[in-house]
**Q** 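I'd like to ask some things about the structure below.
Source: prediction; values computed, not measured.
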Amino acid sequence: MPKVTFLPSGKVIEIDGDTTIREAAHLIGVSVHDRCGGMGACCNCIITVVDGATNICPKSVVEEAVFYLAESDRLSCQCRLSGDVVVKTI
Ligand code: FES
């Protein structure tokens, strides 16, 4: 199963392909800002991908519309994995 490593805490969790990075963070007590419960509406659940960007599904329409996302930033509620990633929470 894909593994997510969260920085700066260093916490690691293995998740299946149906679990989002936001859900993974909540499962192991990593704080990810969100105000919409993972519906893709608040655009607050930003993470920075440090490694493994190609192991995350392509950016969603919602993410493409958020002008202030840097190239390496994603909305964690939109991210499902096919392999290991390292991400930084902000
Ligand atoms: S949790 Fe609101 S957009 Fe991701």
Side-chain angles (χ1 to χ4, degrees):
M1 291 200 299
K3 183 173 63 177
V4 186
T5 302
F6 290 95
L7 301 178
S9 70
K11 289 185 173 182
V12 179
I13 184 172
E14 288 187 351
I15 58 174
D16 62 37
D18 293 328
T19 303
T20 66
I21 292 178
R22 172 190 166 274
E23 292 166 334
H26 284 264
L27 285 171
I28 58 169
V30 171
S31 178
V32 173
H33 302 289
D34 77 65
R35 302 180 76 172
C36 74
M39 301 300 290
C42 71
C43 301
N44 287 342
C45 62
I46 299 169
I47 47 133
T48 299
V49 180
V50 176
D51 192 31
T54 58
N55 292 330
I56 306 175
C57 63
K59 285 189 175 180
S60 68
V61 172
V62 171
E63 291 176 286
E64 294 290 356
V66 181
F67 69 89
Y68 51 82
L69 280 185
E71 184 66 28
S72 60
D73 289 348
R74 299 291 304 263
L75 297 179
S76 61
C77 71
Q78 304 292 298
C79 295
R80 290 182 169 79
L81 306 181
S82 58
D84 297 351
V85 296
V86 178
V87 300
K88 182 178 176 189
T89 56
I90 44 180

**Q** Are I90 and Y68 connected, step by step, through hydrophobic side chains (Ile, Leu, Val, Met, Phe, Trp, Tyr) whose heavy atoms are closer than 4.5 Å?
**A** yes
**Q** First locate atom CD1 of I47, then atom SG of C77, and finally report the distance between them rounded to the nearest 0.5 Å.
**A**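 Between atom CD1 of I47 and atom SG of C77 there are 10.0 Å.
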**Q** Taking salt bridge (charged side-chain N to carboxylate O under 4.0 Å, His left out) as the cut-off, I'd like each qualifying pair that reaches into residues 5-28, sequence neighbours left out, listed once.
**A** R22-D34
**Q** Search all heavy atoms of S82 against all heavy atoms of P2 and return the closest pair with its distance.
**A** C-CG, 4.1 Å
**Q** Test of understanding: clusters of I, L, V, M, F, W, Y form through side-chain heavy atoms closer than 4.5 Å, transitively. Do I28 and V87 belong to the same one?
**A**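 I28 and V87: one cluster.
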**Q** If you measure from CG on L81 to OG1 on T19, what distance do you get to the nearest 0.5 Å?
**A**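 Going from CG on L81 over to OG1 on T19, the span is 9.0 Å.
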**Q** Just wondering, do I46 and L75 contact through their side chains at under 4.5 Å, heavy atoms?
**A** yes
**Q** Taking V12 as the starting point, is it possible to reach V30 by hopping between hydrophobic residues whose side chains are less than 4.5 Å apart?
**A** no
**Q** Walk me through it: do I21 and V32 pass the test side chain to side chain contact (heavy atoms under 4.5 Å, CB included)?
**A** CA-CA 9 Å; I21 292 178; V32 173; over 6 Å; no
**Q** Rounded to the nearest 0.5 Å, how far does NE2 of H26 lie from OG1 of T20?
**A** 8.0 Å
**Q** Applying a strict under-4.5 Å side-chain criterion to I, L, V, M, F, W and Y, I'd like to know whether I15 and V85 cluster together.
**A**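 As far as the 4.5 Å side-chain criterion goes, V85 and I15 are connected within one cluster.
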**Q** Is there side-chain contact between P8 and T89, with at least one heavy-atom pair below 4.5 Å?
**A** yes
**Q** Please report the interatomic distance NZ(K88) to CG(L7), rounded to the nearest 0.5 Å.
**A** 8.0 Å
**Q** Same cluster or not: are M1 and V4 linked, directly or through other Ile, Leu, Val, Met, Phe, Trp or Tyr residues, by side-chain heavy atoms under 4.5 angstrom apart?
**A**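 In one cluster with M1: V4, no.
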**Q** Give me each pair satisfying salt bridge (charged side-chain N to carboxylate O under 4.0 Å, His left out) with a member in residues 50-76, each pair once, sequence neighbours excluded.
**A**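 Non-adjacent pairs meeting salt bridge (charged side-chain N to carboxylate O under 4.0 Å, His left out): E63-R74.
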